[in-house]
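All values below come from the heavy atoms of this structure, side chains included, with hydrogens, waters and symmetry mates left out. We name chains A, B, ... by the order of the sequence lines, and we start the count at 1 in each one.
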Amino acid sequence: MSERYNIKETESRWRQKWTENDVFAVAEDTAKPKYYVMEMFPYPSGRIHVGHVRNYTLGDVVARYRKAKGFNVLHPMGWDAFGLPAENAAIERGEHPKKWTHENIASMKTQLQSMGLSIDWSREFATCDPEYYAHEQRMFLKFLEKGIAYRKESVVNWDPVDNTVLANEQVIDGCGWRTGAPVERRKLNQWFLKITDYAEELLSDLDGLDRWPNKVRIMQENWIGKSVGLQFTWDIVGADDKIEVYTTRPDTLFGASFLALAPDHPMTQKLAAGKEGFDAFIAECQAQGTSEAAIEKAEKIGFDTGYTATHPLLGRDVPVYIANFILMDYGTGAVFGVPAHDQRDHDFAKKYNRPIPPVVVPENVADFSVEDAAYSGEGVLANSQFLNGMDVDSAKAEVIKRCEADKTGFGTTQYRLRDWGVSRQRYWGCPIPIIYCDDCGAVPVPEDQLPVELPDDISFEKPGNPLDHHPTWKNSECPACGKAAKRETDTFDTFFESSWYQFRYCDAHNDKLPVDKSKADYWLPKDGGVDQYIGGVEHAVLHLLYARFFTKAMRDCGFVNSNEPFSGLFTQGMVTHETFTDENGKWIFPTDAVKNQAGDWVHVETGQPVTIGASIKMSKSKKNVIDPEEILEMYGADAARLFILSDSPPERDLEWTESGIDGAWRFVNKVYTTLSVIELRDGDESALSDQAKDLRRLTHKTIKNVGEAIEAFAMNKAVAFLREFYNGLTGFKPVDAGDQFALREAIETFIVMINPVMPHLAEELWSLLGHETMLVNQEWPKYQEELLATDTMTIGVQVNGKLRASITLPADADQKIAQDVALAEEKVQRAMDGKSLRKFIYVPGRIVNVVVG
RNA sequence: GCGGGUGUGGCGAAAUUGGUAGACGCGCCAGAUUUAGGUUCUGGUGUCCAUCGGACGUGGGGGUUCAAGUCCCUUCACCCGCACCA
């Protein structure tokens, strides 16, 4: 009589053994190939969510699999511990951000550990600890020395109620997300990192990231936004002024119909100030919303300055406008309008009655016209003097060449990428190690005074940055001249912390350096970063681009040798759940909806009908959330892991369902009750029956399939292969010693292979089989190629491409044998219907096609 | 608007990259054992007609091929990212 599987007792017992034996601790070991698996570290919000469970389960499968394959696996975990929620908790509940954060870390760590993850916890750190951020301050000062960091005045979103800068994402329809107050655009001195210096390298190195999702590489490519074109100078007629214009279409020069400047272009005031209607025009530009909808609908408006401009090659004048659709922070903030070949210019020209001369004409198009819409395709130059007859590319080159020859312009490259502003007017972040002196300016904090630690005694009673209000903290003296001076009270953007943490895991407790170079070289060698990084696609641009830049900046400052942080990246899909609404249309928790006896969904308390809605991303506001802690408590870690890996491919969305987790739980129990009672006798490999050979074939085929599936990140397929294997081996009825041999091999192989998915169950079964060693240290099985082959094979027979029968052939059957067997088949004869054989196609192991006619 | 992706049973999905479509699971149906059961076990389950058997079937239409979920052309629907970037 088999005992019921005691999940809770068994799982916690094995976790304890792993911890006692320190099985996941690693050190550099040049005798083994290394493998570095890491998931995006969590923000310590207090509780893990199902997305975390998916993320860390995926990473754990990879880590445990690679360990079994003989790699020296580094699988660390830490805490992305700076950020706004801690300050909000301080404001709302009066809790100190430090205390709040550390308490959250403690409870989340317990939750994560109950998942049975193979993590080397000795490398854990929290980015809010001075032991971590001290190194950021040192690196920042080095960046400053190298010219990678600099300070400049820039325009920021300023919330006048909270007295703080807002990120673009925190501005909703022009108002602060918390206060609802209209956001002001204010100029502030801010620290920047020169990511633009790395634009070309960040772009070209994307090619080497062949184990990244294409989608992410394309998103980064677009974000960097490289374009090649011409920057050239136009003269303002009747004024002693010039305007620099950038274009990617120098070929369309002769289609120029106007020049337009951004409203905030430096020349704008000079050319238009005081003219009638100008102030009203500027006011209208500013009144325009910045929301998506507003931009989409925004009409193109312009203000005619009354001036004209000319370029020597063009040989005629065009009017100069100020236009609302010109952006100051791209290119030079000025464009020449070619209505025939740019839709925006076309709209503008229509409104202000400017001519629309076509200069690029497609070949072999009869009724070509640019009256209704701009044409941006290929073609041949026309109405363009010396360019006539050229193709677009030649014309571009020719115009650039002539501008360079007469020194009115030059070919140049532009990027959309902007420098990274890292200053935040916040308390809960890494202090920027700078002292401002009236005489000496911004002076770096000297090495022996680092780290600049956050003060603990702060107050959130006043709005704004508590560091600013602190009575003493910011008072300091100038390191250069000794005069009284003020500290920088801004802190770093929290993306700073996550930009280099992969290095810190390699040497988490080094108090001298961010990371020891030799350790970094072992885990993150020059031409290979983290072997497998896993996280949500929402970080495709920001975090993943910052981390790439930071790695290169650290390299150039001599901290490390790496070029790229992550050589393999996997972006997982979201976890979704059905939504429920009551009869008033209000969201209700899934646990409040039950089926009544009639089979209809009703509210558990009121009995009123509830409506089931689409399965969408779990969110607190929609109440369609599942608490992982409850799941782990009720079903155990193995069932949760199994369910999350089953069915949905990891890159796609996963729908969380009750029946799904139930099914996984049943499988865990079934495997235990079945395998824990199987009695294995002595086996004998020398005499194998047909069924023993078949079982061995299944065993070895599964080793191959599961390994390939895990390496391809197809965890759903790996699970399917394991279940298929289980079905096969439990249906096996051993008769002789040969069968016993095959069965033992199958069962032991099965247990080793379920370890990455269900590690607790695997350990338990392994020890029940009498093994003294822990399964976690067990080697992954190797399959024998020769065992995969069969003596005979069954293949389909088509007649004229339609499947009519299937035949069994010897594995080495040649075409003649195949033809004889196929044509002898009655169904085949019937389908041939007396017609004569025209062609016989035999693809060994695959198919036979009889072509008649 | 630009860029990227996805369409396969009632549902989540497989398909060795051109070779027997639907592996594996969920759900459902039937039976057995327990009946305290939302347990466990066995069998079935693409659709339609049917007696053997047959017809149809991978969003729609067309094509290439002995052979198409897979390649080509065309079209529709949905999802994601960026967005007045010159």
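Between U58(B) and A77(B), the distance separating the two C1' atoms is 16 Å to the nearest Å. Taking atom P on both C26(B) and A13(B), the two are 16 Å apart, rounded to the nearest angstrom. Going from the C1' atom of G22(B) to that of A14(B) covers 7 Å, rounded to whole Å. Comparing the C1' positions of G69(B) and G57(B) gives an interatomic distance of 11 Å, to the nearest angstrom. Comparing the same atom, P, in C78(B) and in A83(B) gives a spacing of 23 Å after rounding to whole Å. As rounded to the nearest Å, C76(B) and G37(B) have C1' atoms that lie 49 Å from one another. The P atoms of A23(B) and G44(B) are separated by 12 Å, rounded to the nearest whole Å. G59(B) and U6(B) have their C1' atoms separated by 11 Å, given to the nearest Å.
G53(B): glycosidic angle beyond 90° from 0, hence anti. Anti is the classification of U33(B), since its glycosidic angle lies more than 90° from 0.
Going from atom CD of Gln829(A) over to atom P of G53(B) covers 17 Å, rounded to whole Å. Rounded to whole Å, the distance from CZ on Arg846(A) to C1' on U65(B) is 18 Å. Atom CG of Asp329(A) and atom P of C84(B) are 10 Å apart (whole Å). The separation between His346(A) atom NE2 and G1(B) atom P is 16 Å, rounded to whole Å. Counting to the nearest Å, the P atom of C79(B) and the CE atom of Met574(A) are 12 Å from each other.
Among the atoms of the strands shown, base atoms are found under 4.0 Å from some heavy atom of Ile326(A). Within the nucleic acid shown, Ile841(A) comes within 4.0 Å of at least one base atom, counting heavy atoms only. Within 4.0 Å (heavy atoms only), Arg804(A) reaches sugar-phosphate atoms of the nucleic acid but no base atom. At the heavy-atom level, Asn849(A) lies under 4.0 Å from base atoms of the strands shown. Here Val843(A) lies in heavy-atom contact (under 4.0 Å) with a base.
With hydrogens and angles disregarded, no donor-acceptor distance shorter than 3.5 Å links the side chain of Asp833(A) to the backbone of Lys835(A). Of the possible polar contacts, none joining the Arg804(A) side chain to the Val797(A) backbone as a donor-acceptor pair under 3.5 Å is found.
Comparing C82(B), U20(B), C85(B) by their closest approach to the side chain of Trp223(A) singles out C82(B). Ranking G4(B), G53(B), A14(B) by closeness to the Arg830(A) side chain, first place goes to G53(B).
The residue among Lys839(A) and Val537(A) whose nearest nucleotide of RNA chain B lies closer to the 5′ end is Lys839(A). Nearer the 5' end of RNA chain B, as judged by each residue's closest nucleotide, is the contact made by Lys827(A), out of Lys827(A) and Arg249(A).
Rounding to the nearest 0.5 Å places NZ of Lys717(A) at 12.5 Å from CD of Glu724(A).
In this structure A23(B) sits in no base pair that meets the Watson-Crick or G-U test at under 3.5 Å. Base-pair partner of C28(B): G44(B) (Watson-Crick or G-U wobble, both distances under 3.5 Å). Across all strands shown, G1(B) forms a Watson-Crick or G-U wobble pair, both distances under 3.5 Å, with C82(B). Across all strands shown, nothing is found opposite U58(B) as a Watson-Crick or G-U wobble partner with both distances under 3.5 Å. Across all strands shown, U70(B) remains unpaired; no Watson-Crick or G-U wobble contact has both distances below 3.5 Å. Pairing partner, A14(B): none, since no Watson-Crick or wobble contact has both distances short of 3.5 Å.
Below 30°, between 30° and 60°, or above 60°: for Phe750(A) and Phe725(A) the angle between ring planes is above 60°, a perpendicular geometry. Ring pair Trp656(A)/Phe643(A) is perpendicular by interplanar angle, where above 60° counts as perpendicular and below 30° as parallel.
When the side-chain nitrogen and oxygen atoms of Tyr246(A) are compared with OP1 and OP2 of A86(B), none of them lie within a distance under 4.0 Å. Contact annotation: Arg652(A) side-chain N/O to A13(B) OP1/OP2 distance is under 4.0 Å.
Heavy atoms from other residues, nucleotides or ligands lying under 6.0 Å from CD of Glu786(A) number more than 12.
Take Arg697(A) and apply the salt bridge (charged side-chain N to carboxylate O under 4.0 Å, His left out) test, not counting sequence neighbours, and it matches Asp694(A). Shown here are the side chain to side chain contact (heavy atoms under 4.5 Å, CB included) partners of Ser619(A), two or more places apart in sequence or in another chain: Ser621(A), Lys622(A), Asn624(A).
Contact annotation: the side chain of Lys670(A) approaches that of Tyr726(A) to within less than 4.5 Å [non-hydrogen atoms, C-beta and beyond].
Side chain Lys300(A) to base C84(B): a donor-acceptor pair is found below 3.5 Å.
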Nucleic acid footprint by protein, nucleotides 24-49 of chain B - heavy-atom cut-off 4.0 Å, B for base, S for sugar-phosphate alone: SSSS------------SS--------
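Electrostatic pairing of Glu200(A) and Lys226(A) counts as a salt bridge here, judged by a charged N lying under 4.0 Å from a carboxylate O.
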